[in-house]
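What follows is a single structure, written as structure tokens, with notes after it.
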Amino acid sequence: MNEKMRYDVVVIGAGHAGCEAALAASRMGCSTLLLTMNLDTIAQMSCNPAIGGLAKGQLVREIDALGGEMAKCIDRTGIQFRTLNSSKGPAVRGTRAQADKQRYRIAMKDTLEKQTHLDVKQGLVERLLVEDGKIQGVETNIGVQYKSGAVIVTTGTFLKGLIHIGLAHYPSGRAGEFPSVGLSDCLRDLGFELGRLKTGTPARLNGRTIDISRMKIQEGDDPAPFFSFTENTHPLIQLPCYLTYTNPLTHDIIRNSLDKSPLYAGVIKGIGPRYCPSIEDKVMRFSERERHQVFLEPEGLDTEEYYANGVSTSLPYEVQVQLYRSIPGLEEVEIMRPAYAIEYDFAPPTQIRHSLETKKIAGLYFAGQINGTSGYEEAAAQGLMAGINAALKTQNRDPLVLQRSESYIGVLIDDLVTRGTNEPYRMFTSRAEYRLLLREDNADLRLREQGRKIGLVDDAAYALYHEKKREIERELDRIKRTRVKSSEQVNNMLRNRGSMELEDDASLEQLLKRPELTYRDIAAISPLEKPVLPEAAEQVEIQVKYEGYIQRQLRQVERFAGLEQRSIPDDLDYDAVVGLGTEVRQKLKQVRPISLGQASRISGVTPAAISLLMVALEKRRRTGGSQPKTNA
């Protein structure tokens, strides 16, 4: 066989999951092939032209800390950057950026094409080659076969994709592109359970027909924040977004057209995203509200297209024109691309392991929307981990599994594998029980070492990380040791900040614990010859001010670590554990948890069931691996 037809890793699909998967595997030294249906739509932003947001920003920074690409790409191609929830605590802040969607796509494609060990080719995969329960490669629709011991499926919304606009519908992976039908059938034939999900996107509007004078302007932050821990410039100019609202007329147009909505007429069978509903759902579910926000977001520097965030719909085109034109500032707007809904196949994620390898076929990995998630960030995080673990498997190394206590990526994957999903899964800070530990600002401190260990963090990035870490440690030590005496100058500053005057001396650390004082105040009281790095100063302030809360969460992690460390053998016979209810037994057999900690998070698995499992595992240990019947 031609050597170019055999690869260590093959990635199917070049969306956000596929790009991260291919880059990770190739950067770890594996010969990698990225196959996409269209080379011109690599890293396409099918929906909103933005990266990040609440909880999603944490995912992007974790991707960067591990050595992924998304953060670097958006920093270089973003046209507006903001920190959301900046007035709230650090655990719930999130960076978000508008992207120049064409520049983002081109930049990511350029990175892929220049990556060593990586080939990027156009091809429609219709069949997976499997022998004796192990992946052997893929075959395209024109009969070309590529052999590989590791294949990653990142098909997005393309598996039997079906677009709906009003009561009209047609097969499509996204607007203007055909779907993948053969691969979906192949997965079913291989024994995978497939379900059906739905998502949607708003219309793209002609900026020349928008009256921005009737809208509220929304500028980005100045200075603009960064996603990547290694980037220091935003090369593109920054553009504003605009805020307007729907109104009772808009809502009446929608209510009067529900018989033409595929969602309400029963044409769409897939389950849609609960937390990103269509405007039809908003109007019907929140009937008491007189208006809903509409954000007009620019799609790039070289286009007049605007994304109408908040007005996703699948109503007929003529109704879309009416409802958009009922919104202040859009009275004469022209639709450049109509809104639509799309249904697609997905594989319920209880069929995969924490490594994202499927349980049914060795060497086959699923990542992105095929696992039931929504969002570029969730897809990219899964793609990165699938790429890492596919590479580690080919190198005969143990998989990398991130814990819930160390990353949002760990929360995301554990939620999918343990609980599954029957609707598009979206990441929220509320899903992370240790969110004060899993902040945006410390993603590198949490994950950089792991990225370095697997070979994805280069020397320059690693040196920056160590410099930041050293400065944090030095400054924390300095403010503990440095004491400030009561003086008129110090007390005057404290009075100006609304803080209690000093009667006796106090350490800088004690002063920084005061909620009304910042690290900048402390640095002014006791300045250094060379100021610390801004990112190190941020860490010092957060670690000091939130020390009590952080220590409390660390104790919680330690308390639950025992359950996480109690592994459950894959061959444990749950039918032999007497006392387990039928539903509990079925769920345990379906998920096959790897630890008591994971078992405890399966819906319906009670503390009593966990106690029975603990007894069964202890008896198994005492009998050297055999499994006696366990009584309640």
Side-chain angles (χ1 to χ4, degrees), residues 45-53 78-82 84 96-102 165-166 175 200-222 224 236-258 260-261 276-341:
M45 291 183 165
S46 311
C47 199
N48 60 320
I51 296 291
I79 53 178
Q80 188 193 97
F81 293 83
R82 296 176 62 218
L84 307 183
R96 185 179 189 272
Q98 293 298 130
D100 184 308
K101 64 185 290 184
Q102 296 304 336
I165 302 177
T201 188
R204 286 7 175 230
L205 307 177
N206 189 331
R208 290 185 291 114
T209 62
I210 296 173
D211 182 3
I212 61 173
S213 68
R214 303 198 59 197
M215 302 179 183
K216 181 180 178 182
I217 191 169
Q218 184 185 72
E219 302 280 4
D221 290 351
D222 186 16
L236 301 184
I237 64 170
Q238 304 293 290
L239 297 180
C241 297
Y242 301 95
L243 172 63
T244 183
Y245 296 88
T246 62
N247 54 62
L249 175 58
T250 314
H251 301 177
D252 285 342
I253 291 169
I254 291 167
R255 290 191 191 97
N256 293 333
S257 304
L258 288 180
K260 304 169 188 172
S261 164
C276 188
S278 67
I279 190 63
E280 298 99 294
D281 270 344
K282 288 181 186 178
V283 169
M284 298 307 294
R285 285 163 50 187
F286 308 105
S287 57
E288 74 284 358
R289 295 187 60 177
E290 292 189 355
R291 66 179 192 173
H292 295 279
Q293 287 184 332
V294 180
F295 285 99
L296 278 298
E297 301 171 343
E299 294 232 324
L301 301 179
D302 304 313
T303 180
E304 292 292 339
E305 287 188 79
Y306 273 75
Y307 177 88
N309 195 340
V311 201
S312 173
T313 181
S314 56
L315 287 165
Y317 178 79
E318 63 273 13
V319 179
Q320 292 186 31
V321 173
Q322 291 179 54
L323 80 87
Y324 282 113
R325 288 183 177 178
S326 70
I327 297 170
L330 302 181
E331 289 85 354
E332 297 183 15
V333 77
E334 292 290 336
I335 293 176
M336 297 179 74
R337 307 184 201 219
Y340 64 87

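All figures in this text were calculated on a predicted structure; none of them were measured in a lab. These numbers come from the heavy atoms of this one structure, side chains and all, not from hydrogens, waters or symmetry mates.
No donor-acceptor pair closer than 3.5 Å links the side chain of Asn309 to the backbone N or O of Phe295. Formation of a donor-acceptor pair under 3.5 Å by the Ser278 side chain with backbone atoms of Asp281 is found in this model. Listed for the Thr244 side chain is no donor-acceptor partner under 3.5 Å among the backbone atoms of Val294. Under a 3.5 Å cut-off, the side chain of Gln218 and the backbone N or O of Cys241 do not form any donor-acceptor pair. Judged purely by atom type and a 3.5 angstrom limit, Asn256 uses its side chain to pair as donor or acceptor with the backbone of Asp252. No side-chain donor-acceptor contact under 3.5 Å links Tyr324 to the backbone of Glu331. Checked by atom type and distance alone, the side chain of Thr246 pairs as donor or acceptor with a backbone atom of His292 at under 3.5 Å.
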(request) Please lay out, stage by stage, how His251 and Leu323 fare under the test side-chain contact (heavy atoms from CB on, under 4.5 Å). (result) CA-CA 8 Å; His251 301 177; Leu323 80 87; over 6 Å; no
(request) Report the C-alpha separation of Arg82 and Asp221 in whole Å, then their side-chain angles, then the decisive distance to 0.1 Å, and conclude whether the side-chain contact (heavy atoms from CB on, under 4.5 Å) test is met. (result) CA-CA 5 Å; Arg82 296 176 62 218; Asp221 290 351; 4.2 Å; yes
(message) Checking Arg291 against Gln293 for the side-chain hydrogen bond (donor to acceptor under 3.5 Å, both in side chains) test, could you report, in this order, the C-alpha distance in whole Å, the side-chain angles of both residues, the deciding distance, and whether it holds?
(response) CA-CA 7 Å; Arg291 66 179 192 173; Gln293 287 184 332; over 6 Å; no
(request) Starting from the C-alpha separation in whole Å, work towards a yes-or-no answer on side-chain contact (heavy atoms from CB on, under 4.5 Å) for Tyr306 and Tyr242. (result) CA-CA 10 Å; Tyr306 273 75; Tyr242 301 95; 4.0 Å; yes
(request) Let me see the working for Asn206 and Glu304 under side-chain hydrogen bond (donor to acceptor under 3.5 Å, both in side chains), right down to the final yes or no. (result) CA-CA 6 Å; Asn206 189 331; Glu304 292 292 339; over 6 Å; no
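Counting all heavy atoms, side chain and backbone alike, Gly310 lies closest to Ile279 at O-CD1, 3.9 Å. The shortest non-hydrogen separation linking Leu296 to Ala308 is CD1-CA, 4.4 Å. Counting all heavy atoms, side chain and backbone alike, Gly200 lies closest to Ser312 at C-OG, 3.5 Å. When every heavy atom of Pro277 is checked against every heavy atom of Arg285, the shortest pair comes out as CB-NH1, 3.7 Å. In terms of heavy-atom proximity, Leu84 sits nearest to Gly53 at CD1-CA, 3.9 Å.
Within 6.0 Å of CD on Glu290 lie no more than 12 heavy atoms contributed by other residues, nucleotides or ligands. Heavy-atom contacts from other residues, nucleotides or ligands closer than 6.0 Å to CZ of Arg325 number more than 12. Sparse packing is recorded around CZ of Arg208, with 12 or fewer heavy atoms of other residues, nucleotides or ligands lying under 6.0 Å away.
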For residues 315-322, run the donor-acceptor check on the side chains, cut-off 3.5 Å, and write out each pair with its distance to 0.1 Å, sequence neighbours left out.
residue: Gln320; atom: OE1; partner: Ala339; partner atom: N; Å: 2.9
residue: Gln320; atom: NE2; partner: Leu315; partner atom: O; Å: 2.8
residue: Gln320; atom: NE2; partner: Ala339; partner atom: O; Å: 3.0

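In this view, Gln238 satisfies the side chain to side chain donor-acceptor pair (under 3.5 Å) rule with no residue, not counting sequence neighbours. Met284 pairs by the side chain to side chain contact (heavy atoms under 4.5 Å, CB included) definition with Arg255, Leu258, Tyr264, not counting sequence neighbours. The side chain to side chain contact (heavy atoms under 4.5 Å, CB included) search around Cys276 returns Pro273, Arg426, not counting sequence neighbours. For Ser326, the side chain to side chain contact (heavy atoms under 4.5 Å, CB included) partners are Leu249, Thr250, Ile253, not counting sequence neighbours. With sequence neighbours excluded, no residue forms a salt bridge (Lys or Arg N to Asp or Glu O under 4.0 Å) with Glu332.
Counting only heavy atoms from C-beta outward, the side chains of Thr201 and Arg204 approach each other to under 4.5 Å. Ile79 has its side chain out of reach of Phe81: every pair of non-hydrogen atoms, C-beta onward, lies at least 4.5 Å apart. Within the 4.5 Å cutoff, the side chain of Thr313 has no heavy atoms near those of the Pro202 side chain. Counting only heavy atoms from C-beta outward, the side chains of Tyr307 and Pro49 approach each other to under 4.5 Å. Counting heavy atoms from C-beta on, the side chains of Met215 and Ile210 come closer than 4.5 Å.
Taken from NZ in Lys101 to SG in Cys47, the straight-line distance is 9.0 Å, to the nearest 0.5 Å. Between the CG atom of Asn48 and the CD atom of Glu299 there is a distance of 9.0 Å, given to the nearest 0.5 Å. Note that CG of Asp100 is 9.5 Å distant from CE of Met45, once rounded to the nearest 0.5 Å.
Contact check on Glu297 versus Arg96 returns a salt bridge, with a Lys/Arg side-chain nitrogen under 4.0 Å from an Asp/Glu carboxylate oxygen.
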